A.B. asks: 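Before I ask anything, let me first share the structure, which is written out below as structure tokens.
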Amino acid sequence: MKRLVSATLLAGLLSGCMGAMPLPIGPLNRQLESLGANRDPSLSGRWLALISGKGGREQVLLVDLERQQPLPLPGLNRADAQPLSVSVDGAGERIALVRQLEGRTELVLYRRSLQSLQPIAMAPSGVPRQVQLQADGRQMAVQVSRAGLWQVDLVQIP
Amino acid sequence: MIPGLLLLLAGCGEGAWLSRRSAGPTGGFLEANRQDPALSGQGRFLASVVERGGRATLLLQEQPSGTVIRLRHFQGHQPHSSPSLSWTGRYVAALVQQGTQRLPLIEDRATGALHRLPLPADRTAVRLSLAPDARRLAVQVAQEGQWRVQTFDLGGLLEPDLPGGVAIQGGGPGGPP
């Protein structure tokens, strides 16, 4: 709480000296703070996807920024999977996720309205590490390791 | 690497077969690693981080041509990381090095303006995400050995960048040719 107040004060002071500044979104930041340690944010439309951990276990969360509440994602999170990178489209319908499961790293695409999870193959074969969905949900950029090099694939989504 | 126009079909027996292509040449850095990809809202621009002279440097390219778009304010302060683009690619955000700190920086390609987000000295930025409409910024910071995500309202700072807006060509006013 103390930290949030000081951050807000700091932003306010800087704003006075340097013109318009980004303002911390206090209520949302407090809500995120209450969820535990958070990483890998992805903002799009009214949605914030991130990887959140509490008690040593991490999972994907989708926060509705207007209601400032996490939404259920049935079928996406698994207790035995480790999420690595997540991205949401502007409609909050598609979530792309790189995760480790049973010793493999895989890219999956989740459709929220269908509660469906679709594995996406890497071709040529490679190990995905990061993913970003473009806001219209029609394409994703995937960072892939191949033969010791990091490459980027652009994958069309039907 | 085969140039980026080659279409490939995915599939090795595991997972869906979706049409894809390599992001292609990295603007003269053919063998370079390419990391941290970020697409603009409709995929016209791709930002990524490549190695230039051994330093991680932000690269902005038009797709699918691969034409490199010069940026005015990302010529120094390497290593760059975690780029993020608005809907039309008007705003380019990324983390840069400033002294001992990692800080978010946003370039407005329409006006040439630069926006910095100062952070308190006890926290370091790790990743960022700029909302496509440029109304919010989310920053993952490391503080006291823990990761936190903090969100910022950019409403008083940036004009919104909405779908259907006019994509900015080149590096914006006052930018390098």
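All figures in this text were calculated on a predicted structure; none of them were measured in a lab. Within every chain, numbering begins at 1; the chains are lettered A, B, ... in the order of the sequence lines, protein sequences first and strands thereafter. We use all heavy atoms of the structure for the numbers below, so side chains are in, but hydrogens, waters and symmetry mates are not.
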A.B. asks: May I have all residue pairs that pass salt bridge (Lys or Arg N to Asp or Glu O under 4.0 Å) and include part of residues 112-129 of chain A, sequence neighbours excluded?
C.D. replies: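 Checked against salt bridge (Lys or Arg N to Asp or Glu O under 4.0 Å) - neighbours excluded - no pair reaches residues 112-129 of chain A.
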A.B. asks: Are B/Leu18 and A/Val142 connected in a single hydrophobic cluster, I mean Ile/Leu/Val/Met/Phe/Trp/Tyr linked by side-chain heavy atoms less than 4.5 Å apart?
C.D. replies: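 A/Val142 and B/Leu18: one cluster.
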A.B. asks: So which residues of residues 91-106 of chain B are in contact with chain A at a heavy-atom cut-off of under 4.5 Å?
C.D. replies: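 Result: none.
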A.B. asks: Among B/Ser82, B/Gly156, B/Ala142, B/Ala38, single out the residue with the greatest number of heavy-atom pairs under 4.5 Å to chain A.
C.D. replies: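 Maximum pair count with chain A is reached by B/Ala38.
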A.B. asks: Heavy-atom distance under 4.5 Å to chain B: side chain of A/Leu133, backbone, both or neither?
C.D. replies: neither
A.B. asks: Return the minimal non-hydrogen interatomic distance between A/Leu43 and B/Pro132, and the atom names on each side.
C.D. replies: O-CD, 3.4 Å
A.B. asks: Please find the pair of heavy atoms, one from B/Ser40 and one from A/Gln134, that lie closest to each other, and give the distance.
C.D. replies: O-CB, 3.4 Å
A.B. asks: Donor-acceptor pair, distance only, cut-off 3.5 Å: does the side chain of B/Gln140 make one with the backbone of A/Asp40?
C.D. replies: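 Pair found, side chain donor or acceptor close to backbone of A/Asp40.
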A.B. asks: With the side chain counted from C-beta on, respond yes when A/Gln132 and B/Pro37 share a heavy-atom pair under 4.5 Å apart, and no when they do not.
C.D. replies: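 SC-SC contact between A/Gln132 and B/Pro37 ruled out.
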A.B. asks: Using non-hydrogen atoms only, which part of B/Arg135 is less than 4.5 Å away from chain A: side chain, backbone, both, or neither?
C.D. replies: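 Neither part, no heavy atoms under 4.5 Å.
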A.B. asks: With chain B, which of A/Ile157, A/Asp136, A/Val108 has the greatest number of heavy-atom pairs at distances under 4.5 Å?
C.D. replies: A/Asp136
A.B. asks: For the residue pair A/Ile25 and B/Arg136, establish whether any side-chain heavy-atom pair is separated by less than 4.5 Å.
C.D. replies: yes
A.B. asks: With chain A as the partner, which of B/Leu158, B/Leu128, B/Asp36 has the greatest number of non-hydrogen pairs under 4.5 Å?
C.D. replies: B/Asp36
A.B. asks: Under a 4.5 Å heavy-atom cut-off, does chain A meet the side chain of B/Leu137, its backbone, both or neither?
C.D. replies: backbone
A.B. asks: For the backbone of A/Trp150 and the side chain of B/Asn33, can you confirm whether one donor and one acceptor N or O come within less than 3.5 Å of each other?
C.D. replies: yes
A.B. asks: What pairs meet the salt bridge (Lys or Arg N to Asp or Glu O under 4.0 Å) rule with one or both residues in residues 84-95 of chain A, with sequence neighbours excluded?
C.D. replies: none
A.B. asks: Indicate the atoms forming the closest heavy-atom contact of B/Arg20 with A/Ala121, along with that distance.
C.D. replies: NH2-O, 2.5 Å
A.B. asks: Specify the closest pair of heavy atoms between B/Trp87 and A/Ala135, including all atoms of both residues, with the distance to one decimal.
C.D. replies: CZ2-CB, 3.6 Å
A.B. asks: Nearest 0.5 angstrom please: B/Arg148 CZ to A/Leu35 CG, how far?
C.D. replies: 12.5 Å
A.B. asks: How about CH2 on A/Trp47, more than 12 heavy atoms from neighbouring residues, nucleotides or ligands closer than 6.0 Å, or not?
C.D. replies: yes
A.B. asks: In terms of heavy-atom proximity below 4.5 Å to chain B, should A/Leu50 be classed as side chain, backbone, both, or neither?
C.D. replies: side chain
A.B. asks: Taking all atoms of both residues into account, what is the closest heavy-atom pair of B/Arg127 and A/Pro41, and its distance?
C.D. replies: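 Smallest heavy-atom distance, with atoms named: CB-CD, 4.5 Å.
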A.B. asks: Is it the case that one hydrophobic cluster holds both B/Trp147 and A/Leu32, taking links as side-chain heavy atoms less than 4.5 Å apart, direct or via other members?
C.D. replies: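 No, B/Trp147 does not connect to A/Leu32 through the hydrophobic network.
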A.B. asks: Would A/Val88 end up clustered with A/Tyr110 when hydrophobic side chains under 4.5 Å apart are linked, directly or stepwise?
C.D. replies: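 Looking at the clustering, A/Tyr110 is in the same group as A/Val88.
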A.B. asks: Write down the atom of B/Arg34, the atom of A/Gln143, and the distance for their closest heavy-atom approach.
C.D. replies: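 Minimum heavy-atom separation between B/Arg34 and A/Gln143: O-CG, 4.1 Å.
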A.B. asks: Check this for me: A/Arg111, atom CZ, are more than 12 non-hydrogen atoms of other residues, nucleotides or ligands nearer than 6.0 Å?
C.D. replies: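 Correct, the count exceeds 12.
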A.B. asks: Does anything in residues 65-77 of chain A get under 4.5 Å of chain B by heavy atoms, and if so which residues?
C.D. replies: A/Leu65
A.B. asks: Taking side chain as everything from C-beta outward and backbone as N, CA, C, O, which of these in A/Arg39 sits under 4.5 Å from a heavy atom of chain B? Side chain, backbone, both or neither.
C.D. replies: both
A.B. asks: Are A/Met122 and A/Leu109 linked, directly or through intermediate hydrophobic residues, by side-chain heavy-atom contacts shorter than 4.5 Å (ILVMFWY only)?
C.D. replies: yes
A.B. asks: For the interface with chain A, which of B/Val149, B/Leu154, B/Thr151 has the highest count of heavy-atom pairs at distances below 4.5 Å?
C.D. replies: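 Going by pairs under 4.5 Å, I would pick B/Thr151.
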A.B. asks: Rounded to the nearest 0.5 Å, what's the gap from CG on B/Leu39 to CE on A/Met140? Could you check?
C.D. replies: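 Those atoms lie 11.0 Å apart.
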A.B. asks: Answer with yes or no whether the hydrophobic clustering places A/Ile51 together with A/Leu61; edges join I, L, V, M, F, W, Y residues whose side-chain heavy atoms lie under 4.5 Å apart.
C.D. replies: no
